[in-house]
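Since the structure comes first, as structure tokens, the remarks are kept for the end.
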Amino acid sequence: MSSPSTRRPRKVAVVGVALSDTGRVDDATPYALHAQAARRALADSGLDRSVVDGFGSAGLGTLAPVEVAEYLGLRPTWVDSTTVGGATWEVMAAHAADAIAAGHANAVLLVYGSTARADIKAGRRTSNLSFGARGPLQFEVPYGHTLISKYAMAARRHMHQYGTTVEQLAQVAVQARANAAANPDAMFRDPITVDDVLSGPMIADPFTKLHCCIRSDGGCAVLLAAEEYVPDTAKSPVWVLGSGMAVSHTTMSEWEDFTVSPAAVSGRLAFERAGVGPADIDLAEIYDAFTYMTLVTLEDLGFCAKGEGGPFVEKGRLLRTGDLPVNTDGGGLSACHPGMRGLFLLVEAVRQLRGEAGAGQVRKPDGRLPSLAVASGTGGWFCSSGTVVLGRA
């Protein structure tokens, strides 16, 4: 037997993915959505729940992974409750892959579920304008510096510095909606135009309503496992090839450059560790709470040069039939956005690599299935980033 110092790290694959019911779900609790997604992901993998010895959860309960694991009837020996906003799940997937590779866990289940839309509709919660008013945030909240306004400020800086136009930002929403049209699970599927985006009610200049993500209900789950479990799985594995993470700032005054997100670091690390580059990627799943997030993340991941995101998105490149299909399910702008959406990016990337996306399936110019995908989550107001590169066997 190899000694711990010489043992080769185990390869790690995504072996199961699933969505819970999504969109408008008025008759389920967040716990029920967690359970529904978890059962479906296990069924998708073909593995028995007894192999799951690792668990990751965030955003629900006082002791997030403990309460949700108990509800699911799991007793994991490896847990993670990392919470860094929308980047949570890419960061957590990286942690899980590292743990499996090192032998600290064999199969890790990541689960998320939220009834954000239903809760507001039923009066169980209200919309939040900020993340809080304590710590460093206390110096911004009194001036009405809301979450949306932080993104709007960053977008305006990019427009001022590089000449990016509001019409170019609108193209991100238009193409996301076009991708959603082929996704039966998407909450909004009717086509929209640039004029539709520009003529909507103003939320935070330059963002009108359609520049902003939708609010939905829903959940999903991802099961990662060590390579020795792959022969027993029901579907072809999708391998975790590389990952990276980075944090940037909390207060806007500490953000050195509003036109650069932490994906510039997490993406570089993920590509280096995967041994591939942006030019090798067949599709990208990018966190899109606002249109500017997609545009600047494309730049920071290296798909185009800094400042060229506007022209890059203009010509239909983000469509599932485009040069770089992005948010092929419709993203948070059209498909679903129940809160920390990052786990949905991994689910869609895996389905595309497996060839399971139905009418929304991406194919290479020669008709083959895509081979490489990147999922990049953003948290806070560009405060954190996690990027994962996935590859088909």
Side-chain angles (χ1 to χ4, degrees), residues 58-59 83-88 90-91 116 120 125-162 164-166 168-170 172-173 176 197 200-215 245-267 286-301 306-307 309-310 331-333 337-342 376-387:
T83 304
V84 286
T88 290
E90 281 67 38
V91 170
I120 287 181
R125 59 172 283 181
T126 58
S127 297
N128 56 309
L129 296 179
S130 70
F131 274 32
R134 297 183 179 182
L137 295 178
Q138 68 184 292
F139 301 108
E140 295 180 350
V141 170
Y143 300 96
H145 203 188
T146 63
L147 170 66
I148 295 176
S149 70
K150 295 172 193 285
Y151 281 104
M153 280 183 63
R156 274 293 176 196
R157 181 61 199 180
H158 200 281
M159 295 168 75
H160 169 77
Q161 189 163 328
Y162 296 111
T164 306
T165 68
V166 70
Q168 290 169 335
L169 291 172
V172 175
V197 179
M202 183 62 68
I203 305 299
D205 187 22
F207 297 146
T208 55
K209 182 178 179 179
L210 291 175
H211 282 283
C212 308
C213 66
I214 63 177
R215 185 181 291 274
M245 62 191 79
V247 297
S248 178
H249 59 280
T250 296
T251 49
M252 297 291 280
S253 61
E254 297 301 310
W255 190 1
E256 295 178 355
D257 188 340
F258 284 14
T259 70
V260 178
S261 79
V265 177
S266 70
I286 293 175
Y287 208 95
D288 61 341
F290 304 95
T291 53
Y292 176 61
M293 294 178 75
T294 303
L295 185 146
V296 78
T297 304
L298 286 168
E299 293 179 349
D300 291 335
L301 292 178
K306 178 54 61 181
L333 292 169
H337 199 300
M340 295 186 291
R341 181 183 148 77
S376 190
T378 302
W381 34 98
F382 294 109
C383 304
S384 61
S385 177
T387 302

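FYI, the numbering just counts along the sequence from 1.
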CZ of R157 to OH of Y162: how many Å apart, nearest 0.5 Å?
8.5 Å
The criterion is ring pair (Phe, Tyr, Trp, His ring centres under 6.0 Å); which residues satisfy it with F290, sequence neighbours excluded?
Y151, F207
How close do T165 and M159 get, heavy atom to heavy atom, and via which atoms?
C-CE, 4.1 Å
Donor-acceptor pair, side chain of E299 and main chain of G309, under 3.5 angstrom
yes
Spell out, as yes or no, whether a donor-acceptor pair under 3.5 Å connects the side chain of D288 to the backbone of G332.
yes
Step-by-step side chain to side chain contact (heavy atoms under 4.5 Å, CB included) determination, T251 to E140
CA-CA 8 Å; T251 49; E140 295 180 350; 3.6 Å; yes
Taking Y292 for the side chain and A152 for the main chain, is one N or O donor matched with an acceptor at less than 3.5 Å?
no
With a 4.5 Å limit on heavy-atom distance, are the side chains of F139 and H145 in contact?
no
So M245 and V265, side chain to side chain contact (heavy atoms under 4.5 Å, CB included) or not? Walk me through it.
CA-CA 7 Å; M245 62 191 79; V265 177; over 6 Å; no
Pairing donors with acceptors under 3.5 angstrom, does anything connect the side chains of H158 and T259?
no
Side chain proximity check, V172 to M293, heavy atoms < 4.5 angstrom
no
Using a strict 4.0 Å threshold on nitrogen-to-oxygen distance, state whether K306 and D300 make a salt bridge.
yes
Indicate the atoms forming the closest heavy-atom contact of S248 with F382, along with that distance.
CB-O, 3.7 Å
Please name the pair of heavy atoms, one in V91 and one in S385, separated by the smallest distance, quoted to 0.1 Å.
CG2-O, 4.2 Å
Verify side chain to side chain contact (heavy atoms under 4.5 Å, CB included) between L210 and L333, making sure each step is shown before the conclusion.
CA-CA 7 Å; L210 291 175; L333 292 169; over 6 Å; no
Does some side-chain heavy atom of V166 sit less than 4.5 Å from a side-chain heavy atom of H211?
yes
What are the two closest heavy atoms between T250 and W381, and how far apart are they?
O-NE1, 2.5 Å
Just jot down the side-chain hydrogen bond (donor to acceptor under 3.5 Å, both in side chains) partners of Q138, sequence neighbours excluded, or say none.
none
Roughly how far, to the nearest 0.5 Å, is CE of M340 from OG1 of T88?
4.5 Å
Closest approach of T297 and S376, non-hydrogen atoms and distance?
CG2-OG, 4.0 Å
Are the side chains of T291 and Q168 in contact, using a 4.5 Å heavy-atom criterion?
no
Identify the two heavy atoms, one from C212 and one from T208, that lie closest to each other, and give their separation to 0.1 Å.
SG-O, 3.5 Å
State, yes or no, whether a side-chain contact exists between F258 and R156 at a heavy-atom distance under 4.5 Å.
no
